[in-house]
Each structure stands twice: as C-alpha cells, then as structure tokens.
Amino acid sequence: MTEYNYAYLDEQTKRMIRRAILKGIAIPGYQVPFASREMPMPYGWGTGGVQVSAAVLTPDDTFKVIDQGADDTTNAVSIRKFFERTAQVRVTEATADATVIQTRHRIPEQDLAEGQILVYQVPIPEPLRFLEPRETETRKMHSLEDYGLMHVKLYEDIAQHGHIATSYAYPVKVEGRYVMDPSPIPKFDNPKLNMAAIQLFGAGREQRIYAVPPYTDVVSLDFDDHPFEPTKADHACDLCGSETSYLDEVIIDDAGGRMFVCSDTDFCRCRRAAGHVGRLGTALPEAAE
Amino acid sequence: MQHTAFQGGFTDAPIQAAHAFRACLNAMARPGELQQIAGAAPPAPLSVAAGTVLLTLCDPETPVYLAGAHSAKPIQDWVTFHTAAPLVGPSEAHFALGIWDALPPLTEYRIGTPEYPDRSATLIVECTDLDEATHMLAGPGIKATRAAFLPEAAAFTANHALFPLGLDFYFTAGDQLTGLPRTTRLEAL
C-alpha cells in the first residue's frame, strides 16, 4: 500500500492526535477533544481506537486486535488486516507477544507488561452523558469535580435492585480526580485498570481521547456498605476449565442447551494447548506444539 | 559545510516521527525514565532530542516560543522551515523551548482552564546532562518512586499543586529525553 501515507493518516492529523494523547497522559482520565477524521469504516466500528493506533504504531510493533476478547471476529480481523497493510506491522493473537493491543470491550486475561500499549475503542466517553445530556453541563461538572449525580445513579440501583446493577462501563475515579468511563468493559475487568501498560482510549464519533498512564490509581465507585464487586458467570469454562476467566454464554441447541466459554480466545487457546480440558472440551490437536 | 535552515529535517518523516512519538509518549507516561530520541539534525545549540520533539509535535497549529539563546536566527529559521509553527511570546505558546534559566517566569505560560486543562503549554527544557539524578519522583506512571534529574524542585512542586491545571515538561540533552507531567510529585532524594 504505497498509495497511502504510513498508517493511513496524514502526518498533520497524526501530530494532532499525538498531542491529544500526550495531554491525556498528563491529565489521567480527562477527555481531550480532538478533530476526529473519517476512517474507512463506519462509526461504532472502532474509528477512535483505529486513529489512536495509527498515531502510535511504528513498523517495529507487533499488533493484536480483540473484539469482546476474541481475535477472530469480523471487526478484529478487519482492523488487524488494515494495519498489516497500511502500517507494515507484524500481527499476532498472542497477548504476550503484542506491543500494541487494540481492544473492544475487554481487557486481556493475562496481565499486561511494561512496554505494552492497550488501545480501547470507546462509544460514549462521557460517563455522565446518560445522566446529563448537555456537554456544556458535564464539562462544568468535571471541572468542579461535581460527581454527586453518579453516586445518586449507583444509589438508585441499590434502591431498586438491592445491589449496584451496573455491570459494564462501570464508572471509575482516576488518580482521585476525574470520573472516567472505562469503555463498556465488564466490571469484572475493572480491577485490571491498574496495570503496568499504557492505556489509551479513543472515541471517534464523540471526538475524545483520554488515557491512563501505567501504575495509576483507578478506583471503581462504590459505597462503604455496598463495596464494588467484580462479577462473572458462576461457571468454569467448558472448553479449558478455567474458573477465573470472564465467560461468554453460548446457546448450543434449541432445547435450552448452553455452554460457557472464555471470552478471551487467546487465553482459552493457551490453556487448552497446555492440556487443560473443560466439561465439553476435547484435547487440542495442536496441544503437542 | 555550513548549516542552513533547509537541512536537518526528517529524511523519512512518517517512520521517524512514529518512533520519536513513542519516545515522547513513554517519557510522559513514565516520568523521569530516560528515553532515546533521534532523527533531526538541528542547528546548535538546539539538541538532537529537542529538535526531534519539535519536528514530531509542532506544526502550523502550535505556536512556539523560543527562549533566550534558542531564539537565535538560525534556530528560528530552522523551526519555521521544518514545522511552519508561528513563533510567539510565552503567553500564547503551546510549546516553549529553552534552557531552564531562560524560560521563567513560568506564570506567563498557559496552564489551561478548569474546563479545558489540556489547553496548556508544554515546556522543552534543554539540559547539559540527564544522567545525574537529583530528585525522587512519584505519581502516575511510576511504580513506587524513580530518581531523575530536575533543574530545581520548587517550580515543579508549585506546578503539581495546580493539578488538574499546569504545565508539562520535557527535558532534553543530546539524544536523551525525559518527561515530567503535572501529575508527578517530588519527594526528597
């Protein structure tokens, strides 16, 4: 692909995005406005994440893309191919081998290391948006650190359901200052937001970039008498037998049959390759390698 | 051969800028950690690191303030030719460049507004050497603490107190780069 500039975007656009990323790193959890470009994919398919990845990638990188934990879904495959062609990066499905990981709605099960970068695709970056639709007001609320409304929302969950029913996009407070939407990751993943890797968040349609540097304090909002609880389906993975990974529920027939499988396909494959077998699983043929 | 303003830019801008940005990103995300950065060959006394940061981050949308000896005509011409950034005073600058003694008063620079704390200046401080650690840093990007070179303590403590407003800093010497965002706290060495 010599018809396009390296990593698809022109240099001035990348400089603009890079400056936004740096200010995001300097002000953890604060949403930096940026002039989002049209990308060759529709809004909602990761245009924000793709622009951040384009600004970050170098030809030395190894790139991994996951969609709800899976490497082999349409969205993940097409974004991976896009950067394989335009940015000359090597691609991988192995979490540990990747230097840049673009993700939609999951954090890999395996702990990320220093030197890795996790790029999130974000649909609605503003955690207060469904409570207050006006951007002028939410901006003022962030500047005044006025997050009472968010606590009211969580309290109403408790009043109606007896527990905090928010199960994904669970709001967090970053470094004791900004309340941030961690993108629609399951709240099971929230404790992993304290990590050694750099986390960058891109929202294309909403034109916002934000970031969490390594080893930054990220706290899920809760109450003393209703502490935050990461939850998952109360099963083991039916393919690899893992009892600690986040699970997808899959309907397997029209008689109510179902199975639970790891949402992180690479994690599950590695466990099966290492010889773990779940309730409905079979030993992998490539388990020998 | 005499250095002219037309020389010393990136020879392969997309690739060199991508590598240089990763150094800038790592520097800001891991305050005090030494990064290697290269690509530009700017006229003296501009260091390779500072010149590369300018080429990587500056363009016509980012007014630049050149302080003290760094406002010499050859540097002005070089920055203008390679980045097309407008040269302005400290109060309008998105980026400022100079040695530590030439940059004050720091109160002149943009520190952002409560609603837009990102509209703040980034100061590129030219140093002679970054190897000798003078202060202990803590905060986001640092696992426990990290020892690093800083020209002084008081200015950075005052800057941290402004959070979420404030300035962000790069320190450059030769081809070395470190960063110091407004979030970093200083502890006694």
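Protein chains get the first letters and strands the later ones, always in sequence-line order, with residue 1 at the start of each. Heavy-atom basis, side chains included; hydrogens, waters and symmetry copies ignored.
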(request) Mind running side-chain contact (heavy atoms from CB on, under 4.5 Å) on B:His19 and A:Asp60 for me, showing each step along the way? (result) CA-CA 9 Å; B:His19 284 292; A:Asp60 298 345; 3.0 Å; yes
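- Of the listed residues (A:Ala55, A:Pro214, A:Ala7), the one with the most heavy-atom contacts under 4.5 Å to chain B is A:Pro214.
- Heavy-atom minimum distance, A:Pro33 versus B:Tyr116: CG-CE2, 4.0 Å.
- Side-chain contact check for B:Leu25 versus A:Ile198: some heavy-atom pair is nearer than 4.5 Å.
- Contacts of B:Phe169 with chain A are absent, with no heavy-atom separation under 4.5 Å from either backbone or side chain.
- Within the model, atoms CG of B:Leu165 and CD1 of A:Ile27 stand 8.0 Å from one another, a figure rounded to the nearest 0.5 Å.
- Partner of A:Leu22 under the side-chain contact (heavy atoms from CB on, under 4.5 Å) criterion, out of B:Leu57, B:Thr122, B:Asp168: B:Leu57 alone.
- At distances below 3.5 Å, at least one donor-acceptor pair connects side-chain atoms of A:Lys23 with backbone N or O atoms of B:Ser120.
- For A:Val218, no part lies under 4.5 angstrom from a heavy atom of chain B.
- Proximity to chain A (any heavy atom under 4.5 Å) is restricted, for B:Tyr170, to the side chain, taken from C-beta onward.
- Seen from the ring of B:Phe21, A:Arg19 does not count as a face-on cation partner, given the 6.0 Å and 45° thresholds.
- Proximity to chain B (any heavy atom under 4.5 Å) is shown, for A:Asp217, by neither the backbone nor the side chain.
- The residue from A:Glu11, A:Met16, A:Arg15 that alone fulfils the side-chain contact (heavy atoms from CB on, under 4.5 Å) condition with B:Asp59 is A:Arg15.
- Atom CG of A:Asp111 has 12 or fewer neighbouring heavy atoms from other residues, nucleotides or ligands inside a 6.0 Å radius.
- If you tally non-hydrogen atom pairs under 4.5 Å between each of B:Lys143, B:Glu61, B:Arg182 and chain A, the highest count goes to B:Lys143.
- Checked by atom type and distance alone, the side chain of B:Arg22 pairs as donor or acceptor with a backbone atom of A:Val56 at under 3.5 Å.
- Your options are B:Leu180, B:Thr62, B:Asn26, and the one with the most heavy-atom pairs under 4.5 Å with chain A is B:Thr62.
- With a 4.5 angstrom heavy-atom cutoff, A:Gln12 touches chain B via backbone and side-chain atoms both.
- When heavy atoms are compared at a cutoff of 4.5 Å, A:Gln31 does not approach chain B at all.
- With rounding to the nearest 0.5 Å, the separation of OG1 in B:Thr183 from CD1 in A:Ile25 is 9.0 Å.
- Neither the backbone nor the side chain of B:Leu167 comes within less than 4.5 Å of any heavy atom of chain A.
- Few gaps surround CH2 on B:Trp100; more than 12 heavy atoms of other groups in view lie less than 6.0 Å from it.
- In this structure, OH on A:Tyr215 lies 8.5 Å from CZ on B:Arg146, to the nearest 0.5 angstrom.
- Within the 4.5 Å cutoff, the side chain of A:Tyr178 has heavy atoms near those of the B:Pro164 side chain.
- Contacts of A:Arg18 with chain B are made by both backbone and side-chain atoms, with heavy-atom separations under 4.5 Å.
- Comparing B:Ala27, B:Ala13, B:Pro114, B:Pro117 by heavy-atom pairs within less than 4.5 Å of chain A, the highest count is held by B:Pro117.
- Of the atoms belonging to A:Ile117, it is side-chain heavy atoms, and not backbone ones, that fall under 4.5 Å from chain B.
- Heavy-atom minimum distance, A:Ala196 versus B:Arg30: O-NH2, 3.4 Å.
- Of the inter-residue distances, the one linking A:Thr138 atom OG1 with B:Glu115 atom CD reads 9.5 Å to the nearest 0.5 angstrom.
- Contact count against chain A (heavy-atom pairs under 4.5 Å) is highest for B:Pro140 among B:Ala29, B:Gly139, B:Pro140, B:Pro181.
- For A:Ala211, no part sits under 4.5 Å from any heavy atom of chain B, backbone or side chain.
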